[in-house]
Amino acid sequence: MGKRDNRVAYMNPIAMARSRGPAPSSGPTIQDYLNRPRPTWEEVKEQLEKKKKGSKALAEFEERMNENWKKELEKHREKLLSGSESTSRKKEKKKKEKKKSSRLSPSSSSSSSSDSSSSSSDFEDEDKKQGKKRRKKKHRSSRKSSENSSSDSDSDGKDSLKNKRAKEDNEREKDTKSLERKRKKADHGDGMLSTESSSESEHTEEVPAKKKKTSEEKEKNDKTKKRKKHKKHGKKKKKKTASSSSYSE
């Protein structure tokens with residue numbers, strides 16, 4: 001019994017891919033992009049001309065609008081000029097008519113002259129009245145300003161007097177207060193001197209009393225110390241006599 005042959009044949013993947021052929025593409029390839037249909041130079045020129053024509057049409061439309069606007073402006077100007085001319089013509093006609101009427105009727109001219117003189121005199125009277133009114137207003141305003149200035153000066157003078165009086169009153173109060181303080185200090189100084197003299201006298205009286213007390217206390221202490229020493233010495237003697245008698249026995 002021989003061994004089984006478990007070997008597997010090796011397959012080159014690159015060779016297998018080549019044998020399968022090219023894979024099916026899902027979209028356009030680079031070759032397709034390079035081989036795309038392109039317009040010729042003539043077609044490009046036609047497109048540029050079409051664009052230029054479009055811009056020409058726009059320019060023509062704007063020119064037409066400008067022309068219409070210019071026409072409207074001219075009409076409006078003509079109307080205004082005709083109106084001004086008509087008014088000037090009317091004024092000239094009126095002047096001519098007045099001249100003719102003045103030549104024909106002297107009475108009318110005299111009446112017109114009297115009317116003109118009366119009108120001129122009326123104007124002069126009105127001007128005089130207005131001038132008087134203006135003068136009165138100026139005079140009133142000057143009076144008011146002078147009165148205001150005088151009232152201001154009076155008020156300022158009153159305020160200054162009040163301030164001076166207030167200052168004088170304050171100075172007087174300060175002087176009175178300072179004098180009172182000085183008097184109080186003087187009285188207090190005298191009281192302090194009297195108290196100091198009394199305290200010094202008491203102190204001089206107390207000093208010998210204290211010395212006496214201290215001397216008496218010292219004497220008492222010395223006596224007590226001597227008594228204590230004497231008692232201790234007596235006790236020691238008694239102890240010695242007792243011990244000597246016990247030894248002799």
Take E78 and L81 through the side chain to side chain contact (heavy atoms under 4.5 Å, CB included) test and state the conclusion after the steps. CA-CA 5 Å; E78 285 175 358; L81 292 168; 5.6 Å; no
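Using a 4.5 Å cut-off between side-chain heavy atoms of Ile, Leu, Val, Met, Phe, Trp and Tyr, M16 falls into a hydrophobic cluster with M11. Connectivity analysis of hydrophobic side chains (ILVMFWY, heavy atoms under 4.5 Å, direct or indirect) links W41 to V44, L48. Within the hydrophobic cluster formed by Ile, Leu, Val, Met, Phe, Trp and Tyr side chains joined at under 4.5 Å, directly or through other members, L161 stands alone, with no partner residue.
Between E216 atom CD and E219 atom CD the span is 7.0 Å, to the nearest 0.5 Å. Of the inter-residue distances, the one linking K164 atom NZ with K162 atom NZ reads 14.5 Å to the nearest 0.5 angstrom. One distance of note links CG of N66 with CG of L73; it measures 10.5 Å at 0.5 Å rounding. Summarising the geometry, atom CZ belonging to R181 is positioned 10.0 Å from atom OG1 belonging to T176; distances are rounded to the nearest 0.5 Å. K220 contributes atom NZ, which lies 10.5 Å from atom OG1 of T224 (distance to the nearest 0.5 angstrom). Atom NZ of K50 is separated from atom CD of Q47 by 7.0 Å, given to the nearest 0.5 angstrom.
Side-chain contact annotation: D175 with S178, donor-acceptor N/O pair under 3.5 Å absent.
For I14, the side chain to side chain contact (heavy atoms under 4.5 Å, CB included) partners are N12, R18, not counting sequence neighbours. Residues that satisfy the side chain to side chain contact (heavy atoms under 4.5 Å, CB included) test with T40, not counting sequence neighbours, are E42, E43. Residues passing the side-chain hydrogen bond (donor to acceptor under 3.5 Å, both in side chains) test with H76: none are found, sequence neighbours excluded.
Taking the ring axis of Y33 as reference, the NZ or CZ atom of R36 stays within 45° of it and closer than 6.0 Å to the ring centre.
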